[in-house]
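Small disclaimer: the values here were computed from a predicted structure and weren't measured. Every chain is numbered from 1, with letters handed out A, B, ... down the list of sequences.
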Amino acid sequence: MLDPKLLRAQPETVAAQLARRGFVFDLSRFQELEARRKTLQTETEKLQAERNAGSKRIGQAKGRGEDVSPILADMDRIKAQVAANEQALNALQTEFEDFALGLPNVPHASVPDGKDEHDNVEQRRWGTPRSAAGAKDHADLGEALGLMDFAAAAKLTGARFVVLRGQLARLQRALIQFMLDVHTREHGYQELYVPYIVNAASLRGTGQLPKFGEDLFALKTEQDWRLIPTAEVPVTNLLREEIQAAEALPLKWVAHTPCFRAEAGAAGKDTKGMIRQHQFEKVELVQATLPERSHQAHEELTAHAEAILQKLELPYRVITLCTGDMGFSSAKTYDIEVWLPSQDRYREISSCSNFEDFQARRMLARYRHPETKKPELLHTLNGSGLAVGRTLVAILENYQDEGGAIAVPAALQPYLGGLERIAK
RNA sequence: GGAGAGAUGGCCGAGUGGACGAAGGCGCUCCCCUGCUAAGGGAGUAUAGGGUCAAAAGCCUUAUCGCGGGUUCGAAUCCCGCUCUCUCCGCCA
């Protein structure tokens, strides 16, 4: 959520910044809502103050044993007015809130302007991509090995699921262990285990609701629970309605969870293989920092995700998403894309974002300022470190030989009991 | 799933219809005293909004005692529903 004070004081500036990302801010609607709100709220609060003062007088008069019926008569009128006004104000505030919750974050000044993914800006490349010539894709490789089974998953559930067997299932487990170990031992993150089902308040906090509910799997329970689309939701919401000590910052958390996405609107996209699934494993990095530190933390967090690819010796590049391609809640996003020989291009394997205070304001996630002693909004960040399923895909494709066997990256061999090759 | 108890500020804890945004204590901040330390004295110390203001301060004001509703001129306090926590029983990986 954007700062309502800023919204009120400089709506034109906000509109111009949102226009950078192609979002049309309805200025006249905002100003009309705001004008009504101001009148109604002022009037309502005046009535409430009148009522409070009247009640107080009744109490005092009764204490002195005086007759209170004249005051009481007056209170009847105020009571009815207050009730009517409060109702109208509530409705208006709900309308205003819905409007405000529908506004995306303002892009950071350093984010390049652009319309879509074609305008993203490459920052750097690492490693040497192998040629696409003769490279099989991961689905063909996995099925040929007899260790990756989409038909079985389709029978169990439907499209966009997979069954892994034997050394491939173990390879995925090894990847999770490996990533968690690197981030906890070398990058200073605390490992967390969290619920895979969250309530609506949590999803609102990180920005999935109210706008993107169709991407989520909802449970048919009374509680309005959803499966998490990413560990970002439960992990970041640990901060919700909490005040951190400044000395405790930055908070750095890592969690492995499965992720569940409805992939509504993705029909026909990446239909083959493990690239886009309804259920996939991910190791997620989350940080909460002082506002003035968040952009440096963003660089560090991205480097932490990159370190995994370097240790696995997988070629990748880092791009800055342009204003038009960024996610709803993000102020700035780096995507890390890994080389996939079968597709002869780089594909997203991690997305690292700085949300600044956008999520924190929704969640009321704060820290106590050491000098003013007042609670201030902190900044939140997160990034995949990495998407495990896509890392598995990248290993199969980059480490294949002509016969369809897969070499195990050196860094992973200790996690597979020294296994060097996965072959038929 | 059954029975019972509870939820109050950074923490502990009092408060069962009116001067309560909330006693008291702890903690924290500032000041005084004390040649260090310890002890003592005083003052301050919840959050989110709105209005006024160029802005800040200040001032005025609203809401908040787990959440939502109700009764009442007036609710931390009474009533209803819900959530969560604890204890006991049952069940269970």
K.L.:
In whole angstrom, what separates A:Glu43's CD from B:U61's C1'?
P.N.:
15 Å
K.L.:
For B:A76 and B:G18, measure between their P atoms and round to the nearest Å.
P.N.:
11 Å
K.L.:
Rounded to whole angstroms, how far apart are CG on A:Leu92 and P on B:A63?
P.N.:
18 Å
K.L.:
Check for me whether the distance between the ring centres of A:His379 and A:Phe355 falls short of 6.0 Å.
P.N.:
no
K.L.:
At a cut-off of 3.5 Å, list every protein nitrogen or oxygen paired with a nitrogen or oxygen from nucleotides 83-85 of chain B, distance to 0.1 Å.
P.N.:
none

K.L.:
Dump every N/O contact between nucleotides 14-20 of chain B and the protein below 3.5 Å, one line per pair.
P.N.:
residue : atom : partner : partner atom : Å
B:G18   : O6   : A:Lys62 : NZ           : 3.0
B:G18   : N2   : A:Ser55 : O            : 2.6

K.L.:
Provide the full list of ring-ring contact (aromatic ring centres under 6.0 Å, His included) pairs with a residue in residues 261-294 of chain A, sequence neighbours left out, each pair given once.
P.N.:
A:Phe161-A:His278, A:Phe217-A:His278
K.L.:
Hey, is A:Asp149 close enough to A:Lys155 for a salt bridge, meaning N to O under 4.0 Å?
P.N.:
no
K.L.:
Measure the distance from CG on A:Asn85 to P on B:U62 and round it to the nearest whole Å.
P.N.:
14 Å
K.L.:
Of all of residues 70-81 of chain A, which get a heavy atom below 4.0 angstrom from RNA chain B, listed by number?
P.N.:
A:Leu72, A:Met75, A:Lys79
K.L.:
Select base, sugar-phosphate, or nothing to describe what A:Pro375 touches, counting heavy atoms under 4.0 Å on all strands.
P.N.:
sugar-phosphate
K.L.:
Would you call A:Arg226 and A:Asp224 a salt bridge, using N to O less than 4.0 angstrom?
P.N.:
yes
K.L.:
Using heavy-atom distances to pick each residue's nearest nucleotide on RNA chain B, tell me which of A:Ala49 and A:Arg366 is more 5'.
P.N.:
A:Arg366
K.L.:
Contacts to RNA chain B from residues 32-42 of chain A, heavy-atom cutoff under 4.0 Å, which residues?
P.N.:
A:Arg37, A:Lys38, A:Gln41
K.L.:
Return the value, rounded to whole Å, for the distance between atom CZ of A:Arg368 and atom P of B:C11.
P.N.:
10 Å
K.L.:
Can you measure A:Lys5 atom NZ to B:U52 atom C1' for me and round it to whole angstrom units?
P.N.:
14 Å
K.L.:
Using whole Å, report how far CD of A:Glu86 lies from P of B:G68.
P.N.:
14 Å
K.L.:
Return the orientation label for the A:Tyr196 and A:Tyr193 ring planes: parallel under 30°, perpendicular over 60°, tilted otherwise.
P.N.:
perpendicular
K.L.:
Without decimals, in angstroms, what is the distance between A:Glu241 CD and B:C65 C1'?
P.N.:
16 Å
K.L.:
May I ask you to verify whether the side chain of A:Glu45 and the base of B:G49 hold a donor-acceptor pair under 3.5 Å?
P.N.:
yes
K.L.:
Please report the interatomic distance CG(A:Leu147) to CG(A:Leu168), rounded to the nearest 0.5 Å.
P.N.:
4.5 Å
K.L.:
Is the A:Tyr189 ring parallel, tilted or perpendicular to the A:His304 ring (thresholds 30°, 60°)?
P.N.:
perpendicular
K.L.:
Using atom CG of A:Asn52 as one end and atom P of B:U61 as the other, report the distance to the nearest whole Å.
P.N.:
10 Å
K.L.:
Please determine if A:Arg36 and A:Glu32 form a salt bridge, counting it only when a charged side-chain N lies under 4.0 Å from a carboxylate O.
P.N.:
yes
K.L.:
Dot-bracket for RNA chain B, please, read 5' to 3', with Watson-Crick or G-U wobble pairs under 3.5 Å on both distances, ( ) within the strand, [ ] crossing, | other strand, . unpaired.
P.N.:
((((((((.[[[..)..(.....]]]((((((.......))))))(((((((.....))))))).[[[[[..)....]]]]])))))))....
K.L.:
Closer than 4.0 angstrom, basic N to acidic O: yes or no for A:Arg204 and A:Glu97?
P.N.:
no
K.L.:
Any Lys/Arg nitrogen of A:Glu263 or A:Arg276 sitting under 4.0 Å from an Asp/Glu carboxylate oxygen of the other?
P.N.:
yes
